[in-house]
Q: 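Can you read through this structure? Questions will come right after.
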Amino acid sequence: MGSTLAQTPATSPDDPLPRLIQERQQMVQQYEAANGQRNAFLANKPSKKDLQEVVDALKGIIRKDTEIVRAVQAATLRKTAAVVAENQQARQQITVAQTDQSSTQERFHDLENQIANLQERDRQREKKLQDLQATADEATAARTSRELLAAALAVLSAGLLFYVLKLRGQRSAPVKRRK
């Protein structure tokens, strides 16, 4: 038991365990000294007083062992409470992290939906722009056709006017007769 207690991790300054173990070791030394006493008058047999000292030393060791067990139990209880608190804190952190992850995933999906909506709007705007461009091209082509028709009619009118003027000029000029 002494070797496992000596191997416990670093103890805090207010931990009574090292002091109790040291007191027990002193009691064991007292027991060994009392147990080793022999009375020369009783043929090297322990006297009643010597036996009483041995019994008292053993009782003291038992009481000290009880104190050590209680101190170990209290330390174990404190460590268990600390572990439970750490576990609960870790669980809370996990819950917070999972909540954050869920919120982040929801936000990510919302942003993806917004992107998809904006892409759809852009596609519709692009299609409308193409339709308007096609309508503008048709209007330009129709206007060009009308302008060409108007220009052709203007040239034809000018040609007819010139022809009419030429015919009038021939009519008003005296006709010379040939002889």
Q: In Å and rounded to the nearest 0.5 Å, what is the CG to CG distance from Leu165 to Leu161?
A: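 The CG atom of Leu161 is 4.5 Å from CG of Leu165, to the nearest 0.5 Å.
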
Q: Under a 4.0 Å threshold between the charged nitrogen and the carboxylate oxygen, would Glu120 count as salt-bridged to Arg123?
A: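 Here Arg123 pairs with Glu120 in a salt bridge, since their nearest N and O are under 4.0 Å apart.
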
Q: Starting at CG of Leu132, measure out to CZ of Arg125 and round the result to the nearest 0.5 Å.
A: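 Separation between the atoms: 11.5 Å.
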
Q: Consider only side-chain N and O atoms of Gln114 and Asp110, and report whether a donor and an acceptor are under 3.5 Å apart.
A: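 No, no side-chain donor-acceptor pair sits under 3.5 Å.
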
Q: Give a yes or no on whether Ile61 and Leu20 share a hydrophobic cluster (residues Ile, Leu, Val, Met, Phe, Trp, Tyr; joining criterion: side-chain heavy atoms under 4.5 Å apart).
A: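 No, it is not one cluster - the side chains of Ile61 and Leu20 are not joined through contacts under 4.5 Å.
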
Q: Should Arg143 and Glu147 count as an ion pair when the cut-off is N to O under 4.0 Å?
A: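 Judged by the 4.0 Å cut-off on N to carboxylate O distance, Arg143 and Glu147 do form a salt bridge.
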
Q: Measuring from Thr144:OG1 to Leu148:CG, what's the distance to the nearest 0.5 Å?
A: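 Reported to 0.5 Å precision, the distance equals 6.5 Å.
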
Q: Any side-chain heavy atom of Lys128 within less than 4.5 Å of one from Gln124?
A: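 Heavy-atom side-chain distance check fails, nothing below 4.5 Å.
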
Q: Measuring from atom CG of Leu58 to atom CE of Met27, what distance do you get when rounded to the nearest 0.5 angstrom?
A: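 Those atoms lie 11.0 Å apart.
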
Q: Let me confirm one number: the CD-NZ distance from Gln22 to Lys64, rounded to the nearest 0.5 Å.
A: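 It comes to 10.5 Å.
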
Q: Near Arg19 CZ, under 6.0 Å, is it more than 12 heavy atoms from other residues, nucleotides or ligands?
A: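 Enclosed: over 12 neighbouring heavy atoms sit under 6.0 Å from CZ of Arg19.
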
Q: Can you measure from CG (Asp122) to CG (Leu129) and round to the nearest 0.5 angstrom?
A: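 One gets 10.0 Å once the value is rounded to the nearest 0.5 Å.
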
Q: For Leu17 and Ile68, work out which heavy atoms get closest and say how close.
A: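 So the minimum-distance heavy-atom pair works out to CD1-CG2, 3.8 Å.
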
Q: State, yes or no, whether a side-chain contact exists between Leu51 and Lys48 at a heavy-atom distance under 4.5 Å.
A: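 They are not in contact (no side-chain heavy atoms under 4.5 Å apart), so the answer is no.
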
Q: Taking side chain as C-beta onward, heavy atoms only, is Glu112 less than 4.5 Å from Ile115?
A: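 SC-SC contact between Glu112 and Ile115 ruled out.
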
